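Down below is the structure, laid out as structure tokens.
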Number of protein chains: 2
Amino acid sequence: MAAAVITRLVRMVRWEPGASARLRAAAMDLYVSRGFDGTTAADIAQAAGLTERTFFRHFADKREVLFDGQNLMQQAFLDGVAAAPREASALELVASGLSAVATFFPDERRDYSRRRQTIIAENPALQERELLKLAVLATAVAAALRARGIPEPTATLAAQSGVTVFGVTFGVWIAESSERSFDDIQRDMLQELVAMTAGVPS
Amino acid sequence: MAAAVITRLVRMVRWEPGASARLRAAAMDLYVSRGFDGTTAADIAQAAGLTERTFFRHFADKREVLFDGQNLMQQAFLDGVAAAPREASALELVASGLSAVATFFPDERRDYSRRRQTIIAENPALQERELLKLAVLATAVAAALRARGIPEPTATLAAQSGVTVFGVTFGVWIAESSERSFDDIQRDMLQELVAMTAGVPS
DNA sequence: GTCTATAGTGCGATAGAC
DNA sequence: GTCTATCGCACTATAGAC
């Protein structure tokens, strides 16, 4: 009841709140129905009741609208690294970050992630943006490891390996057949990485 | 002498040969002097004595002109994997590919690589393209590992790790102070990777 | 080789919030 | 008054269609 009154009051102001969220939702829908290339910025803006110019004030480009959630995930990873026990090794620090990030991918989110990934898989420009975000993540993780006393080049190698584990995990998690939790898959994947490097070539 | 005659004859044909090479050289120069964003496709074409339309017939987009050498490097990596001895482990297959790729980076090439990397480092769009090329490389390497009997997800983890080692090596190799050969750095980096994962978290 | 859609930018004006 | 979100319009360059 009170909510309805508030809604009516809100409608009287010059613009509806939550422009970013509306643009994001509209973009997802249109990218699914018409494809990324078949959707113009004007289409998205119109679907959200805004103008093209406003779209570009919220998002630097047409791709970014699919990726602005990444920052939260990155922060979780970094917090996870920071939360690791003293004297943890580089790989243990990374493992701690990975556990933290797994909380961002509960089972309920799997369908959404699948839809989003389908859009990205169909367009090289979107793949490029995703890779850039992962590279930024790896760089940030490497910095966090250095802050915990891990020297280069170990910090960068460990950070990149962590992002690799995350990426492979994500791929398995959204695979059609998969039913296991993100965290379960990720733990196994980290074990696989360790096992893979155990066969030492000198 | 003969060369001069040939040059004169060549000038009589409808177009100079080596259009791609001229466009590539012109693009490098202009990207350095005016920056990537400050250079238009028309600028590059004009500097190479060609039209904008011709530029886009040779390169899919303005970025690609800096990246079309990658295919040769990728093939070298794959050949290196294929050349590894029977019964090689995943990491040994990758190490074999890495050795092969190191031949693409003799000391004489360091200055060129530095200039090119400076351009890329200044522009996110170029970083995206570079990351895509590396991702394509990793995918191809993973396929080569599977062809040698390495199962998933080990193949992908090993391939990604290999590309990581390559990337970190490249960064050290072009660093101002570095004087060591690409191959030397890369061997150490692979050892570091193995050492880093040896501290096993269960 | 020409034509065109559209991504993305720059700038000024407007409408409200504070 | 300042600050922020929006619109509207003109503009360039990319990239693809014809």
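Chain letters run A, B, ... following the sequence lines, proteins first and then strands; every chain starts at 1. Basis for what follows: all heavy atoms, side chains included, without hydrogens, waters or symmetry-related copies. All figures in this text were calculated on a predicted structure; none of them were measured in a lab.
Place Thr51(B) and Asp61(A) on DNA chain C by their nearest nucleotides, and Thr51(B) ends up nearer the 5' end.
With rounding to whole Å, Glu52(A) atom CD is found 14 Å from dA5(C) atom P. For the pair Lys62(A) NZ and dA5(C) P, the interatomic distance rounds to 16 Å; values are reported in whole Å. Between Arg57(A) atom CZ and dC9(D) atom C1' there is a gap of 13 Å when expressed in whole angstrom units.
Taking Phe55(B) as the reference, Phe59(B) meet the ring-ring contact (aromatic ring centres under 6.0 Å, His included) condition, with sequence neighbours excluded.
Counting only heavy atoms from C-beta outward, the side chains of Gln186(B) and Leu190(B) never approach each other to under 4.5 Å.
Here the options are Thr39(B), Thr40(B), Asp29(B), Asp43(B), the test is side chain to side chain donor-acceptor pair (under 3.5 Å), and the partner is Arg34(B); only Asp43(B) passes.
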Tabulate protein N/O versus nucleotide N/O from nucleotides 16-18 of chain D, keeping only pairs under 3.5 Å, one per line.
residue	atom	partner	partner atom	Å
dA17(D)	N6	Arg53(B)	NE	3.4

Inset, instruction - In sequence, state the C-alpha distance, the side-chain angles, and the governing distance for Phe36(B) and Arg63(B), and then conclude on side chain to side chain contact (heavy atoms under 4.5 Å, CB included). - result: CA-CA 9 Å; Phe36(B) 178 78; Arg63(B) 282 167 286 166; 3.6 Å; yes
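For the residue pair Gln117(B)/Ser113(B), the side-chain donor-acceptor check at 3.5 Å is not satisfied. In the model, Asn71(B) has no side-chain atom that pairs as donor or acceptor with a side-chain atom of Gln75(B) under 3.5 Å.
Between Glu179(A) and Arg110(A), no side-chain nitrogen of the basic residue sits less than 4.0 Å from a carboxylate oxygen of the acidic one, so the salt-bridge criterion is not met.
For His58(A), a side-chain nitrogen or oxygen approaches OP1 or OP2 of dT6(D) to under 4.0 Å. For the pair Thr54(A) and dT6(D), the criterion of a side-chain N or O lying under 4.0 Å from OP1 or OP2 is not met.
Only Thr39(A), Thr40(A), Ala41(A), listed by number, bring a heavy atom of residues 25-46 of chain A to less than 4.0 angstrom from any atom of DNA chain C.
Across all strands, Arg63(A) comes closer than 4.0 Å only to sugar-phosphate atoms, never to a base (heavy-atom distances).
Counted within 6.0 Å of CD on Gln46(B), heavy atoms from surrounding residues, nucleotides or ligands total 12 or fewer; the atom is thus considered open.
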